[in-house]
Amino acid sequence: MAKSIVSAVLEKLSSLLMIPGEIKHNFELALALEEEMGKVIAHFQDIQSVLQDAESKQVKDANVRNWLKKLKDVAYDVDDVLDEWNSEKLKSQIEKEQKEARNFPLLKKMRNSISSFTFQTILYYKIASKLNGVNEQLDTIATEKDRYKFGLEKVVEEPRRLITASFIDDEEVYGRCQETKILVNMLVAENSSGGGLKLPVISIMGMGGIGKTTLAQLVYNHSDVECHFDKRIWICVSDPFNEIRIAKEILEAFKGESSNLVGKDNILQEIRSHVSGKKVLLVLDDVWSEDATRWEQLKTSLKHCSPGSRILITTRNEKVAIIMGTTSPNLFLLNTLSLEECWSLLSRRAYYGRTREESENLDDIGRKIAEKCQGLPLAAKILGGLLRFKRTREQWQNVLDSEMWDIEEAEQDLFPPLFLSYYELPSALKQCISYCAVFPKGMILRKDELIKLWMAQDYLKGVRCEEMEIVGEEYFDELHMRSFFQDFRGDELDSDIIKYKMHDLIHDFLLVLMKTECVMLVNHDSEELKLDLSCERARYGTLIRKEAAPTEPNIFRFRKLRSLLIDSSYHDTSSLRLYLPRLFDQLTCLRTLNLSNGLFRNSIEELPDEIGKLVHLRYLNLKNNKKLKELPESLCGLCNLQTLNLKWCDSLKELPCGIGKIINLRHLENDQTNLSLMAIPKGIGRLTNLQTLGLFVVTSNSDTSSLGDLQNLIHLRGLLKISGLGAVCDVTEAEKAELENKKGLRTLILDFTISKGLMSNRWQRDDGRLLEALRPPPYLEELEIWWYSSPTISANWMMGLTKLSHVSLGYCLHLKSLPPLGKLPSLESLYIGGRSRVEKVSVEFLGVEREEILAPSSSLESPSSSVIAFPSLKHFEFEFFDLEEWEDWVPLTSREEHISIMPRLCSLTINSCPKLKALPCYVLHNTSLKQLNISQSPILSERCRKETGEDWLKISHIPSIMIDSVRIQVNCSSVEEFGVLQFQPLHSSSLSSNFSQN
């Protein structure tokens, strides 16, 4: 990692070689600055040439490791000096532009110029002095370098990368057939009850990376296991063992929704009632805790399961298995893979894209490398990914002969393959993966969030003027391909949100690698934190606040921290208010600061002005600080800030007036502040790097931003919500916004309320014209329209959104007819809710042209030539609040039966439609429908009543039917697969609030 840090510093130094014009007249200062910079560059270039050899030798030589640590410390210090220099230049430029814009009198301009000149001179003297001190340290480091006689770096030609069609399936398993068979039998055989125990606990035990979780997954999804148990539940436990969280997840698995219960006893009582009479399999993956008291009460609540229930745990520690209640017959010791199985796993990756002849030429060496994996599946995956890019026998032989195999510090010889794969990474990727040591073990992270953290540390430098976020995607994908990240899963309603977890083995490896640079602090039971003095110059820190006080001040000893993640999942952030001024005053090297709150109502209420001292800060996370009311103006002096996360800060009334000065801001995440945020300050239009803007509030106040200020924000992407559109009187402002040119937007939420959600004078608005002017980009995927007041939605652009997959129409109070949404070819989910004046859902809603309706269905036509309305729709929900007007959902006539309607529909919800007379036949006879939910619609409820209802025979094929909250028909497999009745629109969180105000 030293090589990547030195390279980054050299790149910055090269960009600053030209002496600033404002000090050229000061010959002495200019010469001193130029001389000191030249010396630093010369030192680093000299050292850089031997770093590849040094990083290889540090594996076995502690002296070399110590030398590299000194070098990295100096490189970090130089980087801080250069960043301070750049920051001051940028701030000076911003201030100059603002003063010129104000058109000051000539005399005042002269005074400002003199003041600026004096400040710049003092700054450059300070920089020259600091560089002089750095050069003295580098003199010593350069002298020590010569003792180790490092070899010069050799130029190695990069192997040609194969072009692949898709990623390899990482989930494919080799071996474990016999182990699976034994474990399945232990779970389902009635005579394997563990010596008559009511609820036997079976433990899979083995070292990290051996495949315990994989085996548990194989068993969990085995067909015999699926059939045997009434309910299967999978919980990832990790460390610490949080019995409340585990209990809530168990309860949520039974109820199918989040639980609002509080108090351990209430939750355990509810679990007891749900498990009673059911045969349950509970898998607890990755258990570490040796505290028996945390497990006993939870286990007691589970003992009311039916006989034959089982608990299956995975753990590295036999003591943990015994504490959890595992008896000797139920302790399953997992062995390594056989050599042949390990070779199969490794060769599958290593030989991808090669011919048979090429593969056979490498077989003998490859099998020897497989032996080095020692039967560990994770090691085989990683080495296979590494060898995929090694094209010659010589390169494979170098891998086999590497001295890195025998690293003494590796836990039970698990780390050598990881060290080798790490050192084969490009320098930039080494930085990225090394940073991940800062996260607590087992932590689930979002891909997009990790990229922002990398960006804040300046790891994402594009080589072709690429955006940093794109570079981050490429880096992440390559690390994924090399198996450094696992356990990917996509959110059902947003496949772009990817979550992952690092394998424990990789996390342990990174902690060893970063032990002098990364510090993890846990304050627990009011004990003083035990600090290693050698870590006081650590650069990356995490503080886990298990106690609210008094140990936070210990963090102040780590004054060189560049990243500080404060975990407040145990205690809210309100207790931090006493320490924040000092923290901001002393930890001035921070690039990353996470002050996000857990799921607590209490939080910090304000940020101190000292936040302005964090001149290097790029990433500030204040998420979930629900009592935070305002941000200080000093925040606007952080000209390097790239990410500001304000999600769920739902007491925040305004943003600082000078926000337009944060010109490097790329992500302003202010989602879920719509009920408190009153306006967006003027100047937002100057943030031309902005990619994320969760919420834009429109007002009629001329002192705040207007829709037209969105014009220059052409890089916006992802989600954008515009609220307060009811305050827009000039449609040309909407045209100026030029939403159509923001090609990266994928989700657009248009809220036609005015400030605070009030609805006065709505009838005087022409929302139809305004909606037409808000034409979105053609690649939009999700559209939501709320509180729209016109009687029709006739925007010409809507039917041209061929990628649109989700639409919500909510509280369109004056809407009399629905738009022809059946024309949208990609529409998968449709939500229509709130209140409206719709009386009839007619054929026009299907989006079928009159010519198509009248066209006779020819017997010679193939079925594929039929007209299809809503060809992709899967989830459809009508959720009104006493829609008195809607009576008819018009069915097709005999002339229209050639039209195919909603052929992929999986779920339909009808709520609060008391006058609706019947569902059309194309719904009743829809064979793809898996869930039907009808509530507060008495006529429909009676027609669909089980056995006796007029429409029962027409709907009895539907696997899951719920009438007025009573499930009258259920097919468990269908409910699990199509559990979509929980679907909510993106904007649903504000429904109740807006409704209560009208």
Side-chain angles (χ1 to χ4, degrees), residues 674 698 721-728 731 734 747-754 757-776 780 782-799 801 804 806-824 827 829-842 844-847 870 873 875-889 909-916 983-998:
N674 53 293
V698 182
K721 177 181 176 182
I722 305 176
S723 69
L725 286 169
V728 177
V731 174
T747 300
L748 181 62
I749 302 175
L750 302 175
D751 185 342
F752 285 81
T753 57
I754 61 174
L758 300 177
M759 301 297 297
S760 59
N761 299 323
R762 293 290 298 169
W763 57 87
Q764 297 178 9
R765 314 283 182 191
D766 186 352
D767 286 353
R769 288 184 61 219
L770 182 57
L771 181 64
E772 181 65 44
L774 291 168
R775 177 185 294 270
L780 198 71
E782 297 177 332
L783 174 66
E784 302 205 0
I785 300 173
W786 297 86
W787 301 100
Y788 177 84
S789 69
S790 293
T792 60
I793 295 177
S794 55
N796 293 326
W797 47 259
M798 187 176 292
M799 296 309 121
L801 301 177
L804 202 61
H806 166 74
V807 171
S808 285
L809 305 177
Y811 288 95
C812 301
L813 303 184
H814 302 278
L815 192 65
K816 293 183 178 180
S817 62
L818 298 177
L821 299 176
K823 289 183 177 182
L824 297 172
L827 187 65
S829 61
L830 174 59
Y831 174 90
I832 302 175
R835 289 175 173 172
S836 75
R837 294 183 180 178
V838 173
E839 298 180 3
K840 180 173 66 174
V841 175
S842 61
E844 285 73 23
F845 174 58
L846 303 178
F870 292 103
L873 191 65
H875 314 309
F876 192 4
E877 185 169 357
F878 282 107
E879 189 176 30
F880 293 98
F881 290 92
D882 297 325
L883 181 59
E884 297 288 346
E885 289 84 356
W886 187 24
E887 296 184 7
D888 295 319
W889 190 341
T909 295
I910 307 289
N911 184 16
S912 298
C913 301
K915 289 188 178 182
L916 185 58
F983 167 76
Q984 291 291 331
L986 300 174
H987 189 55
S988 61
S989 60
S990 63
L991 281 178
S992 58
S993 301
N994 280 338
F995 181 64
S996 65
Q997 294 171 357
N998 293 277

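Everything numeric here is computed off the predicted structure, so don't read it as measured data.
- Residue I749 holds its CD1 atom at 10.5 Å from CD1 of I722, rounded to the nearest 0.5 Å.
- Scanning all heavy atoms of the two residues, the minimum distance from S808 to W786 falls at CB-CZ2, 4.1 Å.
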Determine, stepwise, if the pair L830 / L824 fulfils side chain to side chain contact (heavy atoms under 4.5 Å, CB included).
CA-CA 11 Å; L830 174 59; L824 297 172; over 6 Å; no

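- Between V731 and A773, the shortest heavy-atom contact is CG1-CB, 3.6 Å.
- Separation of atoms CG (D766) and OG (S789) is listed at 8.0 Å; rounding is to 0.5 Å.
- A pairwise comparison of heavy atoms in L813 and W787 identifies CD1-CZ3, 4.1 Å as the closest pair.
- One distance of note links CG of L783 with CG of L809; it measures 7.5 Å at 0.5 Å rounding.
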Could you check F878 against W886 for side chain to side chain contact (heavy atoms under 4.5 Å, CB included), going step by step and ending with a plain yes or no?
CA-CA 11 Å; F878 282 107; W886 187 24; 3.7 Å; yes

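- The only member of L916, D888, L818 that meets side-chain contact (heavy atoms from CB on, under 4.5 Å) when paired with V841 is L818.
- Tested against Y788 for a side-chain contact (heavy atoms from CB on, under 4.5 Å), the candidates L771, L770, D751, L750 yield a single pass: L771.
- Taking CZ of R837 as the start and SG of C812 as the end, the distance is 12.5 Å to the nearest 0.5 Å.
- Applying the side-chain hydrogen bond (donor to acceptor under 3.5 Å, both in side chains) rule to S842 yields the partners E844; only residues at least two apart in sequence or on another chain are considered.
- With hydrogens and angles disregarded, no donor-acceptor distance shorter than 3.5 Å links the side chain of E879 to the backbone of Y831.
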Verify side chain to side chain contact (heavy atoms under 4.5 Å, CB included) between F870 and L821, making sure each step is shown before the conclusion.
CA-CA 7 Å; F870 292 103; L821 299 176; 3.9 Å; yes

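- H806 and S829 share a donor-acceptor pair across their side chains, judged by distance under 3.5 Å alone.
- Side-chain contact annotation: T747 with E782, donor-acceptor N/O pair under 3.5 Å present.
- To the nearest 0.5 Å, the span separating CE on M798 from NZ on K823 amounts to 12.0 Å.
- In this structure, CH2 in W889 is found 5.0 Å from CD1 in I910, a value given to the nearest 0.5 Å.
- Considering all non-hydrogen atoms of both residues, P820 and G847 come closest at CB-CA, 3.6 Å.
- Looking at heavy atoms from C-beta onward, L774 lies out of side-chain contact with L748 at the 4.5 angstrom threshold.
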